[in-house]
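Labels below follow one simple rule: chain letters A, B, ... track the order of the sequence lines, proteins then strands, and each chain is numbered from 1. These numbers come from a predicted model, not from an experiment.
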2 protein chains.
Amino acid sequence: MTKQKQDTLFVGSLEKGMRVLSAFGERHRALGLTEIAALTGLDRSAVQRLANTLHKTGYLNKDPETRRYSPSLKFLELGNAYLWSDPLVQLAMPKLIELGRKLGERVNVARLDGDQIVYVIRIPTQLTSFGAMIAGRRLSALTTSSGRAMIACLSAAERKHAAETWPLTALTLKTTLDRAKIAATIEEAAACGYGLTVSENILNEIGIAAPILAADGRPVAAVQCSVSSMKWSIEKVRSGIAPHLIEVANSIQLS
Amino acid sequence: MTKQKQDTLFVGSLEKGMRVLSAFGERHRALGLTEIAALTGLDRSAVQRLANTLHKTGYLNKDPETRRYSPSLKFLELGNAYLWSDPLVQLAMPKLIELGRKLGERVNVARLDGDQIVYVIRIPTQLTSFGAMIAGRRLSALTTSSGRAMIACLSAAERKHAAETWPLTALTLKTTLDRAKIAATIEEAAACGYGLTVSENILNEIGIAAPILAADGRPVAAVQCSVSSMKWSIEKVRSGIAPHLIEVANSIQLS
DNA sequence: ATCTTTTTATTATATTATGATACGGTACAC
DNA sequence: GTGTACCGTATCATAATATAATAAAAAGAT
């Protein structure tokens with residue numbers, strides 16, 4: 001069998017290194033070499049070299065006692081670089097701070113990325129789960145209010161396709177995995193202009209979101225608010241929160 | 001001259017790739033190949049391969065019109081991984097949210113990293129400059145209230161050394177670069193237990209910070225608050241803000 | 001229209017990264 | 001206390017990769 005032709009514009013060692021970086025996250029805060037090898041599918045010798053290189057360049061900390069690696073502050077600096085480069089974040093951040101003060105509730109902005117959303121702005125005005133306090137979390141679009149608000153702005157065929165094929169992730173026991181139900185909530189969102197979830201991401205939490213559209217009408221992000229269902233009813237959220245989200249979402253004009 | 005012995009545990013291509021990643025930031029939000037080559041000192045062919053690889057693995061976006069690269073959401077996800085891995089952030093975040101509500105002012109946590117600080121928590125309860133709204137920014141320790149609060153907890157010899165040799169970065173025209181003055185403010189911080197800056201990071205802003213110590217007494221982080229000098233006097237900040245910061249800082253116990 | 005700069009694409013070859021493996025250290029089971 | 005299992009560290013011959021030089025294409029500036 002002849003040798004596969006080399007893709008001379010692709011650096012294999014760099015791709016392997018990035019796989020090591022992306023092994024860390026919510027469920028993997030510190031990892032040993034063998035764990036990294038298992039998570040990335042890479043050879044243990046390769047992981048030894050890659051982890052050592054990332055450590056020497058300051059990207060990974062190494063605990064001298066446990067010999068396990070963890071992300072360094074340079075990870076956070078990369079996150080900072082993203083926030084500087086995203087015009088949406090720069091436009092939206094001041095408006096979200098004002099909105100947080102006005103509503104007194106948690107407000108966020110999420111971007112659509114394929115069939116998932118990523119939270120790019122978090123204004124945690126109240127206590128909540130740690131994952132909901134920090135930026136950068138990635139979740140399935142179908143099971144979040146932000147995702148539903150954005151999917152609602154796609155064409156009917158695209159909405160149908162999304163409801164039928166996009167992945168589902170249960171975050172609570174109340175997360176619905178019934179695709180017909182999800183399709184119905186998306187159609188409802190299309191009708192009223194905002195998406196809703198109740199206890200699907202956090203128990204006793206109502207999530208409501210309004211879409212932010214690009215100049216060509218495509219949904220790219222959503223302004224979202226999370227409130228306690230102990231404090232708010234769905235009716236009150238519809239009348240007292242939704243209009244503010246829609247107003248802010250509409251005020252964010254992307255070129 | 002004989003060839004230098006290869007460090008077989010170091011992957012040179014990965015190190016080069018990380019240099020490309022770290023070229024992006026506040027002043028470099030989108031970059032072309034030639035710009036990346038200039039910033040990183042790498043050969044243009046190497047940059048082409050590395051940038052192409054980072055694009056194909058989803059870390060860099062490429063604008064098809066301008067052909068310039070920019071950080072993708074995966075950068076922010078790496079930032080998210082850092083926040084999950086830092087026990088200080090998990091301990092401090094709920095307390096900072098409560099503190100922000102109580103004070104009604106912007107509160108932050110910064111970590112000491114060598115002779116610089118990096119903001120790991122941002123609770124932007126009020127409008128401010130964009131850089132002060134987002135986590136991950138790195139600044140010189142000497143010219144920030146957080147940095148001064150932490151340096152104040154070092155030994156007298158270490159404080160002197162820091163004041164004399166650590167780098168200075170002017171952020172405003174009011175940023176003092178007078179090392180004797182800085183040394184004096186650090187000694188004052190050592191005496192009263194918190195660090196202060198006035199208009200040195202943002203004009204018309206008073207910054208005040210209390211140190212967070214590790215179990216061995218070393219300063220590792222600081223709880224910081226920023227207020228408008230139009231609204232607060234230094235006296236009011238000393239009596240109305242400092243005690244709360246010290247209380248929160250002392251309540252964060254790192255193992 | 002012309003010139004300059006940047007990006008893209010290709011290639012011979014030097015250099016690097018690979019993965020197999022031996023060894024040391026630690027944890028665990030008995 | 002002993003033996004075994006597992007993980008991390010260190011080494012090396014060699015295959016494969018990444019290099020950098022360079023030509024061509026495309027875009028930008030004048």
Closest-nucleotide 5' rank along DNA chain C - winner of Y69(B) and G12(B):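 On the 5' side of the pair lies Y69(B).
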F10(B) or L33(B), whichever maps to the more 5' nucleotide of DNA chain C: L33(B)
Give the nucleotide from the list [options] with an atom nearest to the side chain of [X].
X	options	result
Q6(A)	dA10(D), dG8(D), dA18(D)	dA18(D)
T34(A)	dA10(D), dG8(D), dT18(C)	dG8(D)
A46(B)	dT19(D), dA18(D), dA21(D)	dT19(D)
R67(B)	dC7(D), dT10(C), dA27(D)	dA27(D)
Q48(A)	dG19(C), dT9(D), dT19(D)	dT9(D)
R49(B)	dA17(C), dA20(D), dC7(D)	dA20(D)
D43(A)	dT11(D), dG19(C), dT8(C)	dG19(C)

Nearest-angstrom distance from the residue atom NE2 of H55(B) to C1' of dT7(C): 14 Å
Touch class at under 4.0 angstrom, heavy-atom based, for S45(A) against every strand present: base
Heavy-atom pair of closest approach, residues A141(B) and L112(B): CB-CD1, 4.1 Å
